[in-house]
Participant: 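What follows is a structure written as structure tokens; I'll ask about it next.
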Amino acid sequence: MNVVDQIMAVMEAAFEPHWGEKWSRGQIADSLLIPGTDAIVIDGEGSDITDRQGTAAGFVLSRHAAGEEELLLIAVHPQHRRKGLGRTLIEMLKERARARQVAHIFLQMRSNNPAARLYEATGFTAIGMRKAYYRTADGGRLDAITFATSI
Ligand SMILES: CC(C)(COP(=O)(O)OP(=O)(O)OC[C@H]1O[C@@H](n2cnc3c(N)ncnc32)[C@H](O)[C@@H]1OP(=O)(O)O)[C@@H](O)C(=O)NCCC(=O)NCCS
């Protein structure tokens, strides 16, 4: 399976529509054409199956430029949560980022996302907030929190 199909298989199941965070197939395909964009797909055992055979259980999408990496999107299929796969994806991303001489990884998320617990458990610290940055499906506003980690 190609990487876009693998990512979409997880994406369709992983994101609650209410928050409007799901990316379309076109957005994923286009993002992967931008230099520095990188995807890692793992199966339910945590093995890297990017662009290979296997059933995708989680993915992380990132972009690196000028010595910095941005984690764009991370998701684990609901049937595979709380087994350490999210942690595995972040550790894999850190390893790759280190290999390309990146010093920091950044990410931004809506303020009420439980993913914050995963980021804190993997060494990220909240470093900033953008007030009312995101708009929800029902027109509400949510703050954006920026997290960073040195690697
Ligand atoms: C966030 C997400 C990727 C976590 O994946 P996961 O495989 O369940 O995470 P892990 O099992 O590796 O969790 C590692 C640690 O993070 C914390 N954690 C992860 N998810 C948590 C949750 N929903 N609530 C509280 N703590 C959580 C825990 O400390 C956990 O360790 P523990 O299970 O030993 O207590 C997954 O819930 C998901 O896909 N969410 C929907 C997509 C999303 O919102 N992505 C982030 C924004 S792009």
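When reading the values below, keep in mind they use all heavy atoms of this one structure, side chains included, and skip hydrogens, waters and symmetry mates.
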Participant: Please answer whether the main-chain N or O of Asp51 pairs with a side-chain N or O of Gln6 as donor and acceptor at a distance below 3.5 Å.
Facilitator: yes
Participant: Under 4.0 Å between a Lys/Arg side-chain N and an Asp/Glu carboxylate O for Lys22 and Glu12?
Facilitator: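 Answer for the salt bridge query: yes.
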Participant: So Gln53 and Met1, do their side chains get closer than 4.5 Å, heavy atoms only?
Facilitator: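 No; the side chains remain at least 4.5 Å from each other.
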Participant: Between Asp48 and Arg96, does any NZ, NE, NH1 or NH2 come within less than 4.0 Å of an OD or OE carboxylate oxygen?
Facilitator: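 Salt bridge flag = yes for Asp48 with Arg96.
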Participant: Please check this pair: side chain of Thr50 against backbone of Val41, looking for a donor-acceptor N/O pair closer than 3.5 Å.
Facilitator: yes
Participant: Are Asp30 and Arg25 within salt-bridge range, i.e. N to O under 4.0 Å?
Facilitator: no
Participant: Kindly say whether Asn113 contributes a backbone atom to a donor-acceptor pair with the side chain of Arg117 at under 3.5 angstrom?
Facilitator: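 No, the answer is negative, given that no donor and acceptor are paired below the 3.5 Å cut-off.
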Participant: Can you sort out the partners of Phe124 under ring pair (Phe, Tyr, Trp, His ring centres under 6.0 Å), two or more places apart, ordered by chain and number?
Facilitator: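 Scan of Phe124 (ring pair (Phe, Tyr, Trp, His ring centres under 6.0 Å), adjacent residues dropped) gives Tyr119.
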Participant: Does Trp23 reach the side chain of Met11, with side-chain heavy atoms less than 4.5 Å apart?
Facilitator: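 Result yes, sub-4.5 Å side-chain heavy-atom pair found.
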Participant: With side-chain contact (heavy atoms from CB on, under 4.5 Å) as the criterion, how do Thr149 and His104 come out once you've worked through the C-alpha distance, each side chain's angles and the decisive distance to 0.1 Å?
Facilitator: CA-CA 6 Å; Thr149 186; His104 305 280; over 6 Å; no
Participant: Using the side-chain contact (heavy atoms from CB on, under 4.5 Å) rule, pick out the option among Ile74, Thr122, Leu118 that qualifies with Leu89.
Facilitator: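 Checked Ile74, Thr122, Leu118 against Leu89; only one passes side-chain contact (heavy atoms from CB on, under 4.5 Å): Ile74.
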Participant: So do Tyr133 and Asp143 actually touch side chain to side chain, heavy atoms under 4.5 Å?
Facilitator: no
